[in-house]
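Heads up: the structure comes next, in structure tokens.
This one's a predicted model, so the numbers in the text were calculated from it and none came from an experiment.
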Amino acid sequence: MSWRSTSFIVWAAVGLAVLGTQVTAIASRGRLPTADALFRGITSTRLGRAGLLVAWMWLGWHSFAR
């Protein structure tokens with residue numbers, strides 16, 4: 001198995017984990033926060049917005065700038 005195939009498998013697993021977490025949060029009827037609630041909480045402060053921007057830039061640079 002090549003590194004490319006392994007990378008696709010890892011990204012698929014991460015995507016399924018995120019999807020599963022979101023479905024679980026919606027099914028919990030408010031006991032667990034959804035992704036929307038988490039992002040609203042993070043972006044409610046200036047530091048949170050700056051941290052999210054840096055994280056997004058890091059992800060883009062390390063994942064897609066090849």
ILVMFWY network linking Leu59 to Leu19, side-chain heavy atoms under 4.5 angstrom: no
Between Thr6 (side chain) and Ser2 (backbone), is there a donor-acceptor pair under 3.5 Å? yes
Flag yes if more than 12 heavy atoms outside Leu47 fall under 6.0 Å of its CG atom; otherwise flag no. no
Do you know the tightest heavy-atom contact between Thr43 and Arg49? O-NH1, 2.9 Å
What verdict does the side-chain hydrogen bond (donor to acceptor under 3.5 Å, both in side chains) test give for Thr24 and Thr21, after you've listed the backbone C-alpha separation in whole Å, the side-chain angles of each residue and the deciding distance to 0.1 Å? CA-CA 5 Å; Thr24 303; Thr21 304; over 6 Å; no
Let me check something: any side-chain donor-acceptor pairs from residues 29-39 under 3.5 Å, sequence neighbours excluded? List them with distances.
residue, atom, partner, partner atom, Å
Arg31, NE, Ser28, O, 3.1
Thr34, OG1, Ala37, N, 3.4
Asp36, OD2, Arg40, NE, 3.2
Asp36, OD2, Arg40, NH2, 2.6

